[in-house]
Amino acid sequence: MEFVITVARYGLLVLLWIFVFTVVGVIRRDLFAGSQSSRIVAAPRGVGAATAPGRPAKVKRGKAAHQLFVTAGSLAGTRITLGEAPITIGRAEDSTLVITDDYASAKHARLVPRAGQWYLEDLGSTNGTYLDKTKVGAPTPVPLGVPIRIGRTSLELRP
Amino acid sequence: MTATAIPSPSPTNPGDGAGAPRPRTRRNVELGLLLFVAAILLVYAAVVEGNAIGEVTPDFWVQVAILAVIFGAAHVAIRFVAPYADPVILPAVALINGIGIGFLRRLDIGRAKAPLRADLSVFGGDGFRQLGWTAAAIVGAVILMLIVRDHRSLSRYAYTLGLAGIVLVLIPAVLPARFSSINGAKLWIKFPGFSIQPGEFAKICLLVFFAYYLVRKREVLSRASKRILGIDFPRGRDLGPVVLVWLLSLMVLIFEKDLGTSLMYFGMFVVTLYIATVRVSWLILGLGFFIGGAFLAYFLGKTVGGPFLNFSERATTWLDPFADADNKGYQLVQSLLGLGTGGLTGTGPGAGQPLNVPEVRTDFIFSGLGEEIGLFGLTALLVIYLLLVERGLRAAINVRDSFGKLFAGGLAFTLGLQVFVIVGGISQLIPLTGQTTPFLSAGGSSLVANWLLIGLLLRISDASRRPAGGAPSIGLGGASSGGGGGAPVQIQELPTEVVR
């Protein structure tokens, strides 16, 4: 009995720490499932952002955008998992991405999926929506990794 | 008992099979982790009985089974109410809460006379009362998640909640001591039979207001500034609200005689301010204000006495607890001795003497536990708290609106600060204050308030992890619950509201 209790007593401490590391493992898997492709296959190559300009054609055909990532501005670090529905961006409370920025309009821009490709459309904003450096008017296809600029906020699509 | 230790790592696997095409909700991972928690609690309960009673009674599993049912129900509720919520939050809290209940049961056993211990009913004592509070707290948190289908709807009631928060803070200060004072701290509203600590609930109300106010003011607060010594300091007139909150927290310090609570409120505000503006100067100013205020209170207590006396006495005890080890320093000395006895691996659950530590049910539960599970065990618990805070901050980073960011960041920080204040207190890092240890300490108010906080964090993490165009799997509840506020929501836009 003595012996069993001693084993169980230390076993409890070990169990506590196994729990801690299990939780850390879950969190880690969560992080990587989010920031890279949802498939594990492309992990080593997809890491560097530099691959995108090198082979634009392949990127466009091979991978669909799964995430909208905010790279600069007050919401930097935010990511939205893309589904089937369009994404509205602006200062209005009911936008999908609510930007509090003096240079953004209430209903500023919209991202719409058509046959696996996302199109960016300006909704008559005051200060304009920029895809890389060109101003967007009519719906324009958005390649992966190209910055969308709205006011001081910068967004990009990621696989 | 050794057998329970072996199969434990397996529950992590089922989560991997969760659906491929749709974004994963990770609810199966949560279930697996909860089963793991149940296994840990079972081992804990068995060791406690083996050490404290000398045999493992046939009923040792009853308490854990009840807990498992309660947390299982919470898990099922989350599947419906917040399917995309973070899978780690619930199991982490469940483990801390369960260990707390197990420890309170261990104290019940320790208090009973040796021959009666084996027959001590599970359905009685502090352990069972805490079990009841846990059930109530989880029901409360689920109801809160049902009412608040979208955390942004909270911002509509920001001013009301802010006012309610201030009233809740001030009630105990205004009430006569006989209705509000326990052990020198005026933090309570005493009713016949039980008492509640309104300050615990005030935290959440105030945080809603802080987040709302700062979302409105962040541009002004972060832009207009003067540069001194390479750090941007805000203009004098923008300091107004900060000074106001500082005065409020000092009033709490003086009239309610509680450094911990006042540090909580002030810390909450300063950190939400920092999250809103990303200005280090706010942290410097805030710390400066608080330390200055505390020093002032200390010296005023030394010279003038009166309302400041309590604080200066506490500070003196903190500086040298062994000077008056039998009287004023008794609590702290016993706590330190308990932690020291535990050493690295502890005496083993049920084998220590936690009843020698005063207030071991509430304020000093961490040192009571520390004697029995040692530094290794305590560190594991602290890391679990840390991971909990991290998940809260992660939800804050991922959520898509500024109010949600500030609110979730504030909630997570509040939890972490509270753990710091009490654990720092019992280990003589900072002056001891009567804060509860979240989810561990005996006491209904604290448990319910912290579970409500977790409910809100789960709600926000659900919003942050839900795919933007995902299937509206929870139906139409979101629209009906938010309707009361009379917000300018157009009917055509409602479907997108529901989705998120």
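In what follows, chains carry the letters A, B, and so on, assigned in the order in which the sequence lines appear, proteins first and then strands, with residues in each chain numbered from 1. Note that the structure is predicted; figures quoted are calculated from it, not measured.
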Return the minimal non-hydrogen interatomic distance between [X] and [Y], and the atom names on each side.
| X | Y | answer |
| --- | --- | --- |
| B:Gly346 | A:Arg9 | O-NH2, 2.6 Å |
| B:Val43 | A:Ala8 | CG1-O, 3.9 Å |
| A:Val20 | B:Leu387 | O-CD1, 4.1 Å |

Would you compute the distance between atom [atom1] of [X] and atom [atom2] of [Y] and round it to the nearest 0.5 angstrom?
| X | Y | atom1 | atom2 | answer |
| --- | --- | --- | --- | --- |
| B:Leu95 | A:Phe19 | CG | CZ | 5.0 Å |
| B:Asp401 | A:Thr96 | CG | OG1 | 11.5 Å |
| A:Ile5 | B:Glu55 | CD1 | CD | 10.5 Å |
| A:Leu15 | B:Tyr44 | CG | OH | 14.0 Å |

So which part of A:Phe21 gets closer than 4.5 Å to some heavy atom of chain B, the side chain, the backbone, both or neither?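 Neither part.
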What part of B:Val399 gets within 4.5 angstrom of chain A, counting heavy atoms only: side chain, backbone, both, or neither?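 For B:Val399, the contact with chain A is made by the backbone alone.
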What part of B:Pro87 lies closer than 4.5 angstrom to a heavy atom of chain A: side chain, backbone, both or neither?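 Contact with chain A: side chain only.
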Assess the residue pair A:Val70 and B:Arg400 against the criterion (side chain to side chain contact (heavy atoms under 4.5 Å, CB included)); give the C-alpha distance rounded to whole Å, side-chain angles, the decisive distance to 0.1 Å, and a yes or no. CA-CA 10 Å; A:Val70 183; B:Arg400 310 195 253 283; over 6 Å; no
Within a radius of less than 6.0 Å around CH2 of A:Trp17, do more than 12 heavy atoms belonging to other residues, nucleotides or ligands occur?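 Enclosed.
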What residues of residues 371-381 of chain B sit under 4.5 Å from chain A when you count only heavy atoms?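 Residues of residues 371-381 of chain B touching chain A at under 4.5 Å: B:Ile373, B:Phe376, B:Gly377, B:Thr379, B:Ala380.
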For residues A:Val26 and B:Arg26, determine if any side-chain heavy atom of one lies less than 4.5 Å from a side-chain heavy atom of the other.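 Yes, side chains in contact.
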Minimum side-chain heavy-atom gap B:Ser402-A:Val98 below 4.5 Å: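 Heavy-atom side-chain distance check fails, nothing below 4.5 Å.
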Please identify, among A:Val23, A:Leu16, A:Ile27, the residue contributing the most non-hydrogen atom pairs under 4.5 Å to chain B.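 The candidate making the most pairs under 4.5 Å is A:Ile27.
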